[in-house]
Amino acid sequence: MRVALTIAGSDSGGGAGVQADLKTFFRFGVYGASALTLVTAQNTLGVQGVELLPAAFVGRQIQSVAEDLPIHAAKTGALGSGEIVEAVAEAVARHGIRPLVVDPVMVAKGGEPLLAPEAVQALRERLFPLATLITPNRLEAEALLGRPIRTLQEAEEAARELLALGPGAVLLKGGHLEGEEAVDLLATPKGVLAFRAPRIPTRHTHGTGCTLSAAIAALLALGRPLEEAVAEAKAYLTRALETAPGLGHGHGPVNHFA
Ligand code: PXL
């Protein structure tokens, strides 16, 4: 059995974070382990509270998993603070955990912060160089580069610039860009590839980023090449959005069973 590890926050509502990751790993037939970074009190209407775990204890969880289980791939989600970013980078490096997908989560759907602003630099300097793939959305890429991204052309330049920060590849997600299609750009040292999918008109988009990065991590754990993993994960997310169960009174979850 293949094993994937998620290093991320808990969403009590079950649509995002560690809960989305574990459901997605299960969907791909991959055994899921988890190291929690923070815990949210949350539902589809928003985040009512956030508590960070001590950074050393985040590292301790990763160590416990790594000393016992074969980790075939890992992903990171919400990391909360610069200290947690440091602890995660340290543990990932020490235990040689890879491939590693880094989803640079910064805010929850309603805008509540899930990463301290001063932790963005730690993410760039400490974690990105260890990443096989980083998966920023447009807003995260703007925060990482400190400038707006408005057009596909600017997105392509941004993807190349993020690649220069040291990750093996960059998936710049187009869900937040204008246009009828959701165009994701995959930048690797070989060049930039565009992945196009129809934009699904739905308000049930809670946890889409977590679900996509978890699906990519699961497929990498199964040994798929990166480009194939990205294409298959994106097709899964499109189906998961199309068949969202409509749970809750706000931005509901996607269908992780898709
Ligand atoms: O989708 C980003 C995200 C990641 N992790 C946790 C979250 C969210 C969004 O709400 O709650 C714990």
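First listed ligand is number 1; within each ligand, the first listed atom is number 1.
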Are the side chain of His72 and the backbone N or O of Ala221 linked by a donor-acceptor pair below 3.5 Å?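 Flag not set: sc His72 to bb Ala221 has no pair under 3.5 Å.
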Proximal atoms of ligand 1 relative to [X] (non-hydrogen, under 4.0 Å):
X      : value
Ala16  : 7 (C), 8 (C), 9 (C)
Ala108 : 9 (C), 10 (O)
His206 : 10 (O)
Ala78  : 5 (N)
Gly9   : 12 (C)

Within 6.0 angstrom of [X] [atom1], more than 12 heavy atoms from elsewhere:
X      : atom1 : answer
Glu51  : CD    : no
Gln121 : CD    : no
Arg27  : CZ    : yes
Arg196 : CZ    : no

Any idea which part of Thr208 is under 4.0 Å from ligand 1, heavy-atom wise: side chain, backbone, both or neither?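 Neither; nothing of Thr208 gets under 4.0 Å from ligand 1.
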Of the backbone atoms (N, CA, C, O) and the side-chain heavy atoms from C-beta on, which set of Cys210 has a member under 4.0 Å from an atom of ligand 1: side chain, backbone, both, or neither?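 Near ligand 1, Cys210 shows its side chain, while the N, CA, C and O stay back.
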Measure from atom 8 (C) of ligand 1 to every heavy atom in Val107, Asp11, Leu114 and give the option owning the shortest one.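 That would be Leu114.
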For atom 5 (N) of ligand 1, which of the options Ser12, Ser10, Gly17, Gly15 provides the nearest non-hydrogen atom?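 The nearest heavy atom belongs to Gly17.
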Consider side chain to side chain contact (heavy atoms under 4.5 Å, CB included). Of Ile97, Val92, Leu100, which one does Ile71 pass it with?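 That would be Ile97.
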Quick check for you: to the nearest 0.5 Å, what is the distance between Ser213 atom OG and Asp21 atom CG?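 Atom-to-atom, Ser213:OG and Asp21:CG are 6.0 Å apart.
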Do any nitrogen or oxygen atoms of Thr40 come within less than 3.5 Å of a nitrogen or oxygen of ligand 1?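 Between Thr40 and ligand 1, no N or O pair is found under 3.5 Å apart.
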Assess Glu112 for proximity to ligand 1: is some non-hydrogen atom of it under 4.0 Å away?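 No.
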Among protein heavy atoms, which sits nearest to atom 11 (O) of ligand 1, and what does the distance come to when rounded to 0.1 Å?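 It is Gln42 NE2, 2.7 Å.
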Any non-hydrogen side-chain atom of Met106 less than 4.5 Å from a side-chain atom of Leu144?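 Touching, per the 4.5 Å side-chain cut-off.
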